[in-house]
Amino acid sequence: MTYPELRQKIEQQLAQLPPRQLFLVSDFLDSLQNKESTSDRALRRLAPIKRGSKAVDLLKFAGTWQGNDLEECLHFVHETRSKAQF
């Protein structure tokens, strides 16, 4: 599907939605835009993930937080972590 076709399809779908569902779509789009801008900023500061690391490797960093951005980092973790599936 090309970009113009996708845009047309979405516009047709939006035209058929009742107002209550349009509010939900708007909220969803807002959350996508906010998440993307938050993720982009935060990801620029992250170091690459080291594969093969174990949780025990993190113990050397326990209690060593420096800086004043702990709340921002915790918020980022909550926003970007995936749901556990069992």
Side-chain angles (χ1 to χ4, degrees):
M1 181 176 292
T2 65
Y3 180 74
E5 291 171 336
L6 180 60
R7 296 277 309 207
Q8 184 178 14
K9 177 184 175 186
I10 292 170
E11 288 173 9
Q12 290 171 349
Q13 290 172 320
L14 289 173
Q16 296 173 2
L17 290 178
R20 182 176 172 96
Q21 289 181 331
L22 281 175
F23 283 115
L24 293 173
V25 170
S26 178
D27 287 343
F28 174 70
L29 292 174
D30 288 342
S31 71
L32 283 179
Q33 290 171 336
N34 289 335
K35 184 175 183 179
E36 185 173 299
S37 63
T38 301
S39 296
D40 288 346
R41 274 197 318 265
L43 287 177
R44 283 188 222 123
R45 293 181 286 148
L46 295 178
I49 297 172
K50 292 183 178 179
R51 303 292 179 208
S53 297
K54 306 282 186 219
V56 73
D57 297 333
L58 296 174
L59 287 177
K60 64 184 173 187
F61 299 108
T64 62
W65 188 267
Q66 296 180 0
N68 59 1
D69 61 342
L70 179 60
E71 290 296 323
E72 180 184 339
C73 291
L74 288 173
H75 179 71
F76 173 74
V77 168
H78 287 287
E79 289 288 319
T80 58
R81 68 180 176 180
S82 59
K83 300 286 184 192
Q85 295 180 357
F86 299 98

Mind listing the side-chain donor-acceptor pairs of residues 15-29 below 3.5 Å, one per line with the distance, residues two or more places apart or on another chain?
none

Show me the donor-acceptor pairs within less than 3.5 Å that the side chains of residues 3-14 make with the rest of the protein, sequence neighbours left out.
from: Y3; atom 1: OH; to: R7; atom 2: NH1; distance (Å): 3.2
from: E5; atom 1: OE1; to: T2; atom 2: N; distance (Å): 2.9
from: E5; atom 1: OE1; to: T2; atom 2: OG1; distance (Å): 3.2

R81: partners by side chain to side chain donor-acceptor pair (under 3.5 Å), with sequence neighbours left out:
H78
